[in-house]
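In what follows, a single structure is set out as structure tokens and then discussed.
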Amino acid sequence: MNALNGKVAVVTGGNSGIGYASARKLKEQGARVLITGRSAERVKKAADELGVDGLVADVSSVNAIDELVKQSQKMYGRVDVLFVNAGIFIPAPVGKVSEELFDHQMDINFKGAVFTIEKFLPILNEGASIINLSSVNAYTGMSNTAIYAASKAALNAYTRTAATELAPKKIRVNAVNPGPVATPIFGKTGMEEEQLNEFAQAMQNRVPLKRLGQPDDIANLVAFLASDEASFITGGEYNIDGGIGVNHILG
Ligand code: NAD
């Protein structure tokens, strides 16, 4: 498949998990791909493995995003696919939400996503596709996710308005809402291995398809939304969650 031949794709947070798998898929489909992340070492390792370009840019810094856009423009001129994927998950129960946790999570998941789009806009081609990595957590009310969920719900709200306003430029903006996907994100919460395994098992039991998502499941949808085959799709939100969003009362 060469659905993305001639296109330039930027994947934020592309050195791990969903971003990594998506960068691989976008490249397989013919795109020139740039991945970003926070650690020079991890970005370089992933970029070398994937055979793509890599740059360090912490999306919680608007200056760093400005620099990333400048570098991208130098390297490619313009960009066709912007996969706004970088994100963190810090669980905390209501009543134990610190200002620091709130700011850190919102700075990366919402503010970082918004300013990635705002700053890349001037170098996006007509017909470009922006894909925002959100989460079914925006809707689930799952314990310990109040701020994470709010960061993703806010991103989905931004997605809809951006879709309306960018439509005259033929720039499409969509959100992808995964259910639980097997990536390193949960290991970064500080949970012990046993707790992590129990958490994964509990999640899996809740999924009607009885498995966790794999990064490639999400990458397939991202590659489709990135391509011109999705040229009539904008302002949408796509659950990709093994059915966890279905409110099955019995069964
Ligand atoms: P991951 O931890 O494997 O990858 C996250 C990526 O984001 C890494 O490359 C990391 O370097 C990058 N990142 C984090 N903070 C950054 C920052 N400040 N600046 C630049 N890059 C930064 O996790 P993942 O599961 O692949 O997560 C990718 C996205 O998917 C996130 O937005 C996450 O919220 C979302 N998501 C994940 C799941 C899941 O179950 N894994 C479910 C729904 C949504």
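Side chains included, hydrogens not; waters and symmetry mates left out as well; all remaining heavy atoms used. Both ligands and their constituent atoms are indexed starting at 1 by order of listing.
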Self-check item: atom 26 (O) of ligand 1: nearest protein contact (heavy atom, Å)
Solution: Ile18 N, 2.8 Å
Exercise. Just let me know how Lys152 lines up against ligand 1, side chain, backbone, both or neither, with a heavy-atom cut-off below 4.0 Å.
Key: side chain
Exercise. Please work out whether any backbone atom (N, CA, C, O) or any side-chain heavy atom from C-beta onward of Pro180 is under 4.0 Å from ligand 1, and answer side chain, backbone, both or neither.
Key: backbone
Quiz item: Among protein heavy atoms, which lies nearest atom 5 (C) of ligand 1, and at what distance?
Solution: Gly87 O, 3.7 Å
Practice problem: Would you please determine whether Thr12 falls within less than 4.0 Å of ligand 1 on a heavy-atom basis? | Solution: no
Practice problem: Could you tell me if any non-hydrogen atom of Ser134 lies under 4.0 Å from any atom of ligand 1? | Solution: yes
Self-check item: Pairwise distance OG1(Thr116) to CG(Leu82) - rounded to 0.5 angstrom
Solution: 7.0 Å
Practice problem: Starting from atom 3 (O) of ligand 1, find the nearest protein heavy-atom neighbour and note its residue, name and distance. | Solution: Ser16 OG, 2.5 Å
Quiz prompt | ligand 1-proximal atoms of Ser39, by part, heavy-atom distance under 4.0 Å | solution = neither
Quiz item: Got a second to check how far Ile131's CD1 is from Leu26's CG, nearest 0.5 Å?
Solution: 7.0 Å
Practice problem: Out of Ile108, Asn15, Asn85, indicate the one that has the non-hydrogen atom closest to atom 32 (O) of ligand 1. | Solution: Asn85
Self-check item: Protein contact to atom 6 (C) of ligand 1 [nearest heavy atom, distance to 0.1 Å]
Solution: Gly13 O, 3.6 Å
Self-check item: Proximal atoms of ligand 1 relative to Ile88 (non-hydrogen, under 4.0 Å)
Solution: 14 (C), 15 (N)
Quiz item: Side chains of Leu212 and Val181: does their closest heavy-atom pair fall under 4.5 Å?
Solution: no
Quiz item: For ligand 1, does Tyr148 get within less than 4.0 Å through its side chain, its backbone, both, or neither, judged by non-hydrogen atoms?
Solution: side chain
Quiz item: Nearest protein heavy atom to atom 27 (O) of ligand 1, by residue and atom, and its distance?
Solution: Ile185 CD1, 3.8 Å
Quiz item: Is the shortest distance from a Lys or Arg side-chain nitrogen in Asp66 or Lys119 to a carboxylate oxygen in the other one below 4.0 Å?
Solution: yes
Quiz item: Below 4.0 Å from any atom of ligand 1, is there a heavy atom belonging to Gly179?
Solution: yes
Exercise. Classify the angle between the aromatic ring planes of Phe199 and Phe89 as parallel (below 30°), tilted (30 to 60°) or perpendicular (above 60°).
Key: parallel
Quiz item: Quick one: do Glu237 and Arg160 make a salt bridge, cutoff under 4.0 Å?
Solution: yes
Quiz prompt | Arg38 vs Val43 side-chain heavy atoms within contact, under 4.5 Å | solution = no
Quiz item: With atoms numbered from 1 as shown, which atoms in ligand 1 lie under 4.0 angstrom from a non-hydrogen atom of Ala57?
Solution: 19 (N), 20 (C)
Quiz item: Could an N or O of ligand 1 be found under 3.5 Å from any N or O of Val59, whether backbone or side chain?
Solution: yes
Exercise. Heavy-atom distances under 4.0 Å are what count here, so tell me which part of Thr36 touches ligand 1: side chain, backbone, both or neither.
Key: neither
Quiz item: Is there a donor in the side chain of Asn137 and an acceptor in the side chain of Thr140, or the other way round, less than 3.5 Å apart?
Solution: yes
Quiz item: Going by an N to O cut-off under 4.0 Å, is there a salt bridge joining Asp53 and Arg32?
Solution: no
Quiz item: Should the proximity of Asp58 to ligand 1, defined as any heavy atom under 4.0 Å, be assigned to the side chain, the backbone, both, or neither?
Solution: both
Self-check item: Between Asp107 and Ser60, a side-chain donor and acceptor under 3.5 Å
Solution: no
Quiz item: Should Phe186 be listed as contacting ligand 1, given a heavy-atom distance under 4.0 Å as the test?
Solution: yes
Self-check item: atom 24 (P) of ligand 1 - nearest protein heavy atom and its distance
Solution: Thr183 OG1, 3.4 Å
Exercise. Could you tell me the residue and atom name of the protein heavy atom closest to atom 30 (O) of ligand 1, and the distance to it rounded to 0.1 Å?
Key: Leu133 CD1, 2.8 Å
Quiz item: Is it true that Asp217 and Arg211 have a side-chain N and a carboxylate O under 4.0 angstrom from each other?
Solution: yes
Quiz item: Taking NZ, NE, NH1 and NH2 as the nitrogens, is one of them in Lys45 or Glu49 under 4.0 Å from a carboxylate oxygen of the other?
Solution: yes
Quiz prompt | Min N/O separation Ser135 to ligand 1 under 3.5 Å | solution = no
Practice problem: Starting from atom 10 (C) of ligand 1, locate the nearest protein heavy atom and write down its residue, its atom name and how far away it is, to 0.1 Å. | Solution: Arg38 NH2, 3.9 Å
Quiz item: Looking at side-chain heavy atoms only, is the closest gap between Asp80 and Ser129 below 4.5 Å?
Solution: no
